[in-house]
Visitor: 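Below you'll find the structure I mean.
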Protein chains: 2
Amino acid sequence: MQQEDDVLLTSERMAGSVNTNPVVIRRLLGQLKKAGLVEVRPASGGTFLTRQPAAISLLDVYRAVEVVEEGQLFSVHDKPLPACLVGRNIQAALDTTLRRAQTAMEQVLAGVTLQQVTTEILTQENLKD
Amino acid sequence: MQQEDDVLLTSERMAGSVNTNPVVIRRLLGQLKKAGLVEVRPASGGTFLTRQPAAISLLDVYRAVEVVEEGQLFSVHDKPLPACLVGRNIQAALDTTLRRAQTAMEQVLAGVTLQQVTTEILTQENLKD
DNA sequence: TACGACTGTAACCGCAATAGTTACACTAAG
DNA sequence: CTTAGTGTAACTATTGCGGTTACAGTCGTA
């Protein structure tokens, strides 16, 4: 994996590449690191994947940057009137459905790897013009 | 459908029931109306479903209040560097996958009706204590 | 061992989205 | 025509987040 011979991949370079600030990149990198997807060299820079791109799914990334808490893609009104029949039970009534919906979405992400995405990008490029 | 004999369902009542402001309710009702899900009596109040609860899916509601544009549950970085291979193509490369993920989620919502939800709520209530 | 390059993170600003609120014109049932 | 309720504009407050600055921590390297 480690591309030492390649050019050094610092947060600064990445930030420049997507028109943003290095700190934003480092924050994201921190999440990816916490999730064990990347390894970061503190001193003389450089970030590397800890696994083969074919072994990392979009769900891994999605979870890592926690677009949404493990819990709930959908969040439900959290201050219902206890006196209300609906307020008391709607959360539970909706819960399994919403959870299933979220899972269905995540399973699609789980089925696509970084490898596939990069391959796709290159394919796109060849089809240009 | 019309429950004339029942108590009048004004935005004020609904707001009180969920601890919010009548205007917030009216805004939501406006979206549901635009989607053709409800009918609202302008003068002496009252809101009614235009279809049987069994004929309204959670997806209908979800779409009506447009939690997310028809287009994209996921939005991708929109100002890529044209000079960058990845920037140029990642959107297209990810597009079909993300669309499939969103559709998978929506299909689950499409499979559940308001009827089922209300039934579920009542069931929950009976299981209490 | 000291230097320099880079990461990790706190702190702050600014912007956008949205709930909440007030106000008021519009509508229709009685 | 009166009155209760809707439709909507306008404003405020709050929240979340990208962007930015600043600086301490880390570690290859001379």
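None of these values were measured; they are calculated from a predicted model. Convention: sequence-line order gives letters A, B, ...; per-chain numbering from 1.
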Visitor: Can you tell me how far P of C:dC6 sits from CZ of A:Phe48, to the nearest Å?
Guide: 13 Å
Visitor: Does OP1 or OP2 of C:dT7 have a side-chain N or O of A:Ser11 closer than 4.0 Å?
Guide: yes
Visitor: According to side-chain contact (heavy atoms from CB on, under 4.5 Å), who are the partners of B:Lys33, at least two apart in sequence or on a separate chain?
Guide: B:Val38, B:Val40
Visitor: What is the distance, to the nearest angstrom, from the CD atom on A:Glu39 to the C1' atom on C:dC6?
Guide: 15 Å
Visitor: List the residues meeting side-chain contact (heavy atoms from CB on, under 4.5 Å) with A:Thr20, not counting sequence neighbours, and say none if there are none.
Guide: A:Ala15, A:Val18, A:Val24, A:Ile25
Visitor: Applying side-chain contact (heavy atoms from CB on, under 4.5 Å), name anything that partners B:Thr123, two or more places apart in sequence or on another chain.
Guide: B:Thr119, B:Leu127
Visitor: Establish, with yes or no, whether the OP1 or OP2 oxygen of D:dG7 is under 4.0 angstrom from a side-chain nitrogen or oxygen of B:Lys33.
Guide: yes
Visitor: What are the two closest heavy atoms between B:Pro53 and B:Leu49, and how far apart are they?
Guide: CG-CD1, 4.1 Å
Visitor: Who pairs with B:Thr10 by side chain to side chain donor-acceptor pair (under 3.5 Å), at least two apart in sequence or on another chain?
Guide: none
Visitor: Output a table of nitrogen or oxygen pairs between the protein and nucleotides 27-30 of chain C separated by less than 3.5 Å.
Guide:
none

Visitor: Could you pull out all residues at least two apart from B:Ser57 that satisfy side chain to side chain donor-acceptor pair (under 3.5 Å)?
Guide: B:Asp60
Visitor: Without decimals, in angstroms, what is the distance between A:Leu32 CG and C:dG8 P?
Guide: 11 Å
Visitor: What are the residues of residues 20-31 of chain A, sorted by number, that bring a heavy atom to within less than 4.0 Å of DNA chain D?
Guide: A:Thr20, A:Asn21, A:Val23, A:Val24, A:Arg27
Visitor: Check side chain to side chain donor-acceptor pair (under 3.5 Å) between A:Gln31 and all other residues, then give those that pass, not counting sequence neighbours.
Guide: none
Visitor: Starting at atom CG of A:Asn19, determine the distance to atom P of D:dT20, rounded to an integer number of angstrom.
Guide: 10 Å
Visitor: Does B:Gln116 have any side-chain contact (heavy atoms from CB on, under 4.5 Å) partners at least two apart in sequence or in another chain, and if so, which?
Guide: B:Val112, B:Thr113
